[in-house]
Number of protein chains: 2
Amino acid sequence: METVERLIRSTQELLWERGYVGTSPKAIQRAADAGQGSMYHHFSGKAQLARAAIERSGEELREAAEEQFASPGTATERITHYLERDREVLRGCRIGRLTADPDVMADPTLRAPVDETFRWLRGRLAEVVAEGKRTGEYPATIDPDQTAATIAAVLQGGYVLARAANSDEPFELAVQGLITLLQEASA
Amino acid sequence: METVERLIRSTQELLWERGYVGTSPKAIQRAADAGQGSMYHHFSGKAQLARAAIERSGEELREAAEEQFASPGTATERITHYLERDREVLRGCRIGRLTADPDVMADPTLRAPVDETFRWLRGRLAEVVAEGKRTGEYPATIDPDQTAATIAAVLQGGYVLARAANSDEPFELAVQGLITLLQEASA
DNA sequence: GTCTATAGAGTGATAGAC
DNA sequence: GTCTATCACTCTATAGAC
């Protein structure tokens, strides 16, 4: 693998695990097996490399999610599929994690890909919910934008509860609780 | 205010804003208007001071939540009250934020108060939901532990979405979406 | 493209005077 | 209890040789 690629992937991993503030250029170089000069030759510094890594992680998140959204089935089935997909729960969300990082939130070029990723996710979920309304799965009282935000929030919050408990259990509980509520709404 | 108290409160603020990794003893001393020697006289170091600050924040969270849970009204009313309480959405949750901090999660004495706080919160919410089942507000299909986790997750995830968007809106959407689902379940 | 040397600032703590 | 001095280390680069 080329150096640039190794640098980006190592940065993705470190941002996931330790966040932006907790990730040093030196740690990235070690993980990517690249020298100091090499890293600064390809990137202007930590921020630009982080930006590339965050954008990459955002793309990967969208691809993985779209796989469930575009699959056949009713709206509830596709949402349930998405919610129940295999996840590394205790590692949390690579993108959501960054919202806790003050330096990421303070830098518009770093926050932008985070913002775009969740905007896309909520929009896509809203489309699926809207389809469910058209097919009569969900009653008129269900608002697609609200429900989409609720679904995305349960996942992000589920990660938080799981990490606090050092167990997948609260995540699974939260997801199943949401699925039940969605079923009750469509019943 | 005494020095110890100023140190704890300043640490609470800094942990909320910058997390554990992003908070230095020096920054705490500056915020608390305390000297180096003073801080190390009262606390063994950053970790012990953080522990005191996290425990304090956990107590405050429980007190604030209990105010809504113990108020009169139906289960749905009390849950709605809790969800719609005034919050500093863009600052996020003081406790939930710490789950993104690898050094907090790795240290059992720092993770413990985070764990306990969310365990209490989910347990208390589950009690309210269980009451709602007894009074016939919720059908038998609703599981208190699952629903409690879902409610806590929507708040924690709502903060994440709000910070990503740099706007309260996604938080409000997620909360209203959950309230609608709870109403549909009880209808 | 990659290497090593250097640098100024900050980190987290200890020591001992007052 | 609080102060200043000091320390070994890390952080995030920059400079210039190869």
Side-chain angles (χ1 to χ4, degrees), chain A residues 1-55 97-98 100-111, chain B residues 1-56 97-98 100-111 113:
Chain A
M1 207 188 301
E2 301 98 21
T3 303
V4 170
E5 188 63 19
R6 288 204 315 278
L7 283 166
I8 291 175
R9 295 200 191 177
S10 298
T11 306
Q12 282 182 281
E13 287 297 311
L14 284 164
L15 285 182
W16 193 2
E17 199 178 325
R18 306 211 30 96
Y20 184 77
V21 171
T23 297
S24 69
K26 194 168 199 168
I28 295 170
Q29 293 152 27
R30 203 182 313 123
D33 195 28
Q36 187 109 327
S38 186
M39 193 199 101
Y40 281 101
H41 172 75
H42 294 293
F43 295 93
S44 66
K46 177 177 166 174
Q48 203 203 3
L49 184 43
R51 159 114 208 196
I54 297 170
E55 282 173 347
R97 198 232 171 281
L98 298 168
D101 235 304
D103 291 7
V104 172
M105 292 300 98
D107 182 341
T109 76
L110 292 179
R111 193 173 61 77
Chain B
M1 208 188 302
E2 303 99 21
T3 303
V4 170
E5 186 65 18
R6 287 204 316 278
L7 283 167
I8 291 175
R9 296 200 189 177
S10 298
T11 306
Q12 283 182 280
E13 287 297 311
L14 284 164
L15 287 181
W16 193 2
E17 199 179 325
R18 305 210 33 95
Y20 184 77
V21 171
T23 297
S24 69
K26 194 168 199 169
I28 295 170
Q29 292 152 26
R30 203 181 313 123
D33 196 28
Q36 187 108 327
S38 186
M39 194 199 100
Y40 282 101
H41 172 75
H42 294 293
F43 296 93
S44 66
K46 177 176 164 175
Q48 203 203 6
L49 184 42
R51 159 116 209 194
I54 296 170
E55 282 174 346
R56 177 73 66 85
R97 198 232 170 282
L98 298 169
D101 236 303
D103 291 7
V104 172
M105 293 300 98
D107 182 341
T109 73
L110 291 179
R111 193 173 61 78

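Keep in mind the model is a prediction, meaning the values are calculated, not measured. Below, chains carry the letters A, B, ... as their sequence lines are ordered, and counting in each starts from 1.
Distances from the side chain of A/S38 to the nucleotides C/dC3, C/dT14, D/dT2 place C/dC3 closest. Distance from the side chain of A/H41 is smallest to C/dG1 among C/dT11, D/dT12, C/dG1. Side-chain proximity of B/Q36 to D/dC3, D/dT4, D/dT12: nearest is D/dT4.
Using modelled atom types, no side-chain atom of B/R111 and backbone atom of B/A106 make a donor-acceptor pair closer than 3.5 Å. Side-chain atoms of A/T11 come within 3.5 Å of backbone atoms of A/L7 as a donor-acceptor pair (strictly under, hydrogens ignored).
When rounded to the nearest whole Å, the span between OH of B/Y20 and C1' of C/dT11 equals 12 Å. Counting to the nearest Å, the P atom of D/dA17 and the OH atom of A/Y40 are 21 Å from each other. A straight line from CE of B/M39 to C1' of C/dT11 spans 11 Å, rounded to a whole angstrom. Separating the CZ atom of A/F43 from the P atom of D/dT14 is a distance of 16 Å, rounded to the nearest angstrom. A straight line from CG of A/L14 to C1' of D/dT10 spans 16 Å, rounded to a whole angstrom. The separation between A/I28 atom CD1 and D/dT10 atom P is 17 Å, rounded to whole Å. What separates CG of B/L49 from C1' of C/dT11 is a distance of 15 Å, to the nearest Å. Taking atom CZ of residue A/R30 and atom C1' of nucleotide D/dT12, one finds them 14 Å apart after rounding to whole Å.
The side chain of A/K26 contributes no N or O atom lying less than 4.0 Å from OP1 or OP2 of D/dC11. Here A/T3 reaches the OP1 or OP2 of C/dT2: one of its side-chain N or O atoms lies under 4.0 Å away. When the side-chain nitrogen and oxygen atoms of B/S24 are compared with OP1 and OP2 of C/dT11, one or more of them lie within a distance under 4.0 Å.
B/K46 forms a cation-pi arrangement with B/Y20, by the criterion of a distance under 6.0 Å to the ring centre and an angle within 45° of the ring axis.
Under the 4.0 Å criterion applied to side-chain N and carboxylate O atoms, A/R18 and B/D103 are assigned as salt-bridge partners. Using a 4.0 Å cut-off between charged side-chain N and carboxylate O, A/E5 and A/R9 make a salt bridge.
Residue contacts for B/G37: at a heavy-atom cut-off of 4.0 Å it reaches a base atom on one of the strands shown.
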